[in-house]
Asker: 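Structure below; questions to follow.
Chain letters run A, B, ... following the sequence lines, proteins first, then strands; residues in each count from 1. Values below: every heavy atom of this structure, side chains too, minus hydrogens, waters and symmetry copies.
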2 protein chains.
Amino acid sequence: MSKLDQFIDKCKHHHLKITPQRIVIFKSLMNSKEHPSAEMIHKKVKKEFPSISLDTVCRTLTIFTEIGIVHTAEGHGDPKRFDPNLEPHHHFYCLGCGRLTDFYSETLDQVKIPDEIKQRFNIVHKRLVLNGYCEKCIKK
Amino acid sequence: MSKLDQFIDKCKHHHLKITPQRIVIFKSLMNSKEHPSAEMIHKKVKKEFPSISLDTVCRTLTIFTEIGIVHTAEGHGDPKRFDPNLEPHHHFYCLGCGRLTDFYSETLDQVKIPDEIKQRFNIVHKRLVLNGYCEKCIKK
DNA sequence: ATGTTTGCAAATAGTTTGCATCCAG
DNA sequence: CTGGATGCAAACTATTTGCAAACAT
């Protein structure tokens with residue numbers, strides 16, 4: 001079963017209509033090796049589907065995230081947040097309400113970063129980031 | 001030496017003037033147990049310093065981030081980014097240019113999440129996130 | 001047929017920039 | 001005094017929402 005067929009099944013399962021816009025956005029995502037923004041996707045799909053609007057791309061990406069076709073990377077679109085806690089710690093980010101919760105774990109603080117990465121980049125800060133839903137948002 | 005004195009030293013070291021606005025923002029950050037946005041800080045400091053503008057808060061927070069007084073949390077203010085790569089992987093985020101780089105490590109994939117966190121939250125996704133500077137941005 | 005989806009336009013949100021004034025050093 | 005910092009206004013970027021028309025089922 002092709003990826004596209006799997007995608008169509010998933011849409012049907014969630015009672016989503018299979019529109020040409022959704023298909024073209026899906027294909028673009030599957031060909032992407034990057035971490036595209038809505039606007040980057042829009043530019044790419046416009047070549048194949050010139051009449052598509054940026055809004056449709058935004059909406060479709062939100063839906064795709066909800067049904068697990070893509071994930072969001074760091075940068076959730078909400079305002080920039082600052083962290084005055086300079087102690088080593090880790091974050092849980094609630095996908096429902098956006099709340100960030102700190103947690104601590106010496107084991108996690110000590111996880112090794114692959115040498116290849118240490119060599120290529122100047123690392124200022126490391127942190128385990130969990131995405132999910134907090135108690136309040138599970139209930140809804 | 002108090003935190004405030006350390007802060008003043010740090011400012012001097014970076015040739016930054018000690019203005020009442022900067023002091024009041026610094027104090028507000030030190031009292032914060034959260035991950036405030038610029039606007040949240042602005043609301044808080046306005047009580048103590050009513051004439052302060054949101055721009056000053058934004059600018060000051062940017063400066064504070066540069067000199068290491070605060071970190072940025074996930075959510076860097078740039079556009080929302082999507083990740084079509086659903087394989088377990090980790091991210092390096094360049095603080096200079098915003099580029100996200102994937103990397104893989106089975107050891108990291110298997111890091112244990114503290115039970116306390118697993119119980120409190122419904123975790124969809126976990127990822128190690130590194131912040132730092134890529135080759136290109138180091139040169140600048 | 002009918003209810004979802006689309007595209008447009010307008011609204012909203014958050015941040016940045018230019019510039020004149022002000023103030024810390 | 002003097003250059004950096006501030007506050008205001010405007011510009012800018014990214015996203016969301018309301019609505020009529022279009023389309024998938």
Side-chain angles (χ1 to χ4, degrees), chain A residues 4 7-26 35-46 48-67 69-70 72-82 95 97-98, chain B residues 4 7-26 28 35-46 48-67 69-70 72-82 95-98:
Chain A
L4 188 58
F7 163 69
I8 289 173
D9 264 23
K10 203 157 201 174
C11 283
K12 284 184 183 162
H13 182 254
H14 287 273
H15 309 290
L16 294 171
K17 295 188 175 173
I18 320 296
T19 64
Q21 289 90 336
R22 282 177 181 163
I23 289 176
V24 84
I25 292 170
F26 175 76
H35 305 84
S37 64
E39 192 149 8
M40 284 159 75
I41 301 275
H42 183 230
K43 268 186 193 162
K44 273 172 64 181
V45 297
K46 241 178 131 59
E48 201 173 329
F49 199 113
S51 68
I52 200 169
S53 75
L54 177 57
D55 324 54
T56 299
V57 176
C58 282
R59 271 186 293 223
T60 303
L61 288 170
T62 305
I63 292 170
F64 283 6
T65 307
E66 281 164 6
I67 66 174
I69 287 173
V70 283
T72 52
E74 298 70 53
H76 303 276
D78 26 49
K80 198 188 281 181
R81 306 269 269 294
F82 298 88
L95 296 166
C97 62
Chain B
L4 188 60
F7 163 69
I8 290 172
D9 264 23
K10 202 157 201 174
C11 283
K12 284 185 182 161
H13 182 256
H14 288 271
H15 308 288
L16 295 170
K17 295 187 176 173
I18 320 295
T19 65
Q21 288 91 335
R22 283 177 181 164
I23 289 176
V24 84
I25 292 169
F26 175 76
S28 167
H35 306 85
S37 64
E39 193 149 5
M40 284 159 75
I41 299 276
H42 183 230
K43 267 186 194 162
K44 273 173 66 181
V45 297
K46 240 177 133 58
E48 200 173 332
F49 200 113
S51 67
I52 200 169
S53 74
L54 177 57
D55 324 56
T56 300
V57 176
C58 283
R59 272 185 293 223
T60 304
L61 288 170
T62 305
I63 293 169
F64 283 6
T65 306
E66 282 164 5
I67 67 174
I69 287 172
V70 283
T72 52
E74 299 69 53
H76 302 278
D78 26 48
K80 197 189 282 182
R81 306 268 270 293
F82 298 88
L95 296 166
C97 61

Asker: Is K80(A) near enough to dT16(C) that one of its side-chain N or O atoms lies under 4.0 angstrom from OP1 or OP2?
Answerer: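 Answer yes for this pair, as a side-chain N or O of K80(A) is under 4.0 Å from OP1 or OP2.
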Asker: Quickly work out the H76(B) NE2 to dT16(C) P distance and round it to whole Å.
Answerer: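 After rounding, the reported distance stands at 14 Å.
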Asker: Taking the side chain as everything from C-beta on, heavy atoms only, tell me whether V45(B) gets closer than 4.5 Å to E48(B).
Answerer: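 No, every pair of side-chain atoms sits at 4.5 Å or beyond.
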Asker: NA contact type, S51(B), heavy-atom cut-off 4.0 Å: base, sugar-phosphate, or nothing?
Answerer: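 Sugar-phosphate contact only.
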Asker: Test for a donor-acceptor pair under 3.5 Å between the base of dA9(C) and the side chain of D55(A), counting only N and O atoms.
Answerer: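 Yes, a donor-acceptor pair under 3.5 Å.
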Asker: Check the pair I41(B) / T60(B) against side chain to side chain contact (heavy atoms under 4.5 Å, CB included), numbers first and verdict last.
Answerer: CA-CA 11 Å; I41(B) 299 276; T60(B) 304; over 6 Å; no
Asker: Provide, to the nearest angstrom, the distance between the CD atom belonging to Q21(B) and the C1' atom belonging to dC22(C).
Answerer: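 The distance from CD of Q21(B) to C1' of dC22(C) comes to 10 Å, rounded to the nearest Å.
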Asker: Atom CG of L16(A) and atom C1' of dT6(C): how far apart are they, to the nearest Å?
Answerer: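 So the two atoms are 14 Å apart, to the nearest Å.
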Asker: Which nucleotide span of DNA chain D, 5' end to 3' end, has atoms closer than 4.0 Å to non-hydrogen atoms of chain B?
Answerer: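 From 5' to 3', the first and last contacting nucleotides are dG3(D) to dT16(D).
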Asker: Does R22(A) make a side-chain N or O approach to OP1 or OP2 of dT5(C) shorter than 4.0 Å?
Answerer: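 Yes, because at least one side-chain N or O of R22(A) sits under 4.0 Å from OP1 or OP2 of dT5(C).
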Asker: Starting at atom NE2 of H14(A), determine the distance to atom C1' of dT5(C), rounded to an integer number of angstrom.
Answerer: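 In whole Å, dT5(C) C1' lies 18 Å from H14(A) NE2.
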Asker: Would you kindly compare I18(A) and E39(A) by the position of their nearest DNA chain D nucleotide and give the one closer to the 5′ end?
Answerer: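 The residue whose closest nucleotide sits nearer the 5' end is E39(A).
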Asker: Quick one: do T72(A) and L61(A) satisfy side chain to side chain contact (heavy atoms under 4.5 Å, CB included)? Show the steps, please.
Answerer: CA-CA 9 Å; T72(A) 52; L61(A) 288 170; over 6 Å; no
Asker: Would you tell me whether T56(A) and S53(A) have side-chain atoms, one donor and one acceptor, within less than 3.5 Å of each other?
Answerer: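 Checked: T56(A)/S53(A) side chains pair up, N/O donor to acceptor below 3.5 Å.
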Asker: For T19(B), give me all partners under side-chain contact (heavy atoms from CB on, under 4.5 Å), at least two apart in sequence or on another chain.
Answerer: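 By the side-chain contact (heavy atoms from CB on, under 4.5 Å) rule, T19(B) matches K17(B), Q21(B), R22(B).
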Asker: Do I25(B) and F49(B) touch side chain to side chain, with heavy atoms closer than 4.5 Å?
Answerer: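 When only atoms from C-beta onward are counted, F49(B) and I25(B) do not touch, as no gap falls below 4.5 Å.
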Asker: Check whether any side-chain N or O of T19(A) sits under 4.0 Å from OP1 or OP2 of dT6(C), and answer yes or no.
Answerer: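 Looking at the OP1 and OP2 atoms of dT6(C), one of them is under 4.0 Å from a side-chain N or O of T19(A).
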Asker: Round to a whole Å and report the spacing from NZ of K12(B) to P of dA24(C).
Answerer: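 One finds 14 Å between P of dA24(C) and NZ of K12(B), rounded.
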Asker: Side chains of I67(A) and L16(A): closer than 4.5 Å at any heavy-atom pair?
Answerer: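 When only atoms from C-beta onward are counted, L16(A) and I67(A) do touch, with a gap below 4.5 Å.
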Asker: Nearest whole angstrom, please: distance from the P of dT6(C) to the NZ of K17(A).
Answerer: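 About 10 Å, once rounded to whole Å.
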Asker: Whole angstrom is fine here: how far is it from CG in L54(A) over to C1' in dT12(C)?
Answerer: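 Roughly 15 Å, once rounded to whole Å.
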Asker: Give the rounded distance in Å between these two atoms: NE2 of H15(A) and P of dT4(C).
Answerer: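 Taking NE2 of H15(A) and P of dT4(C), I get 11 Å after rounding.
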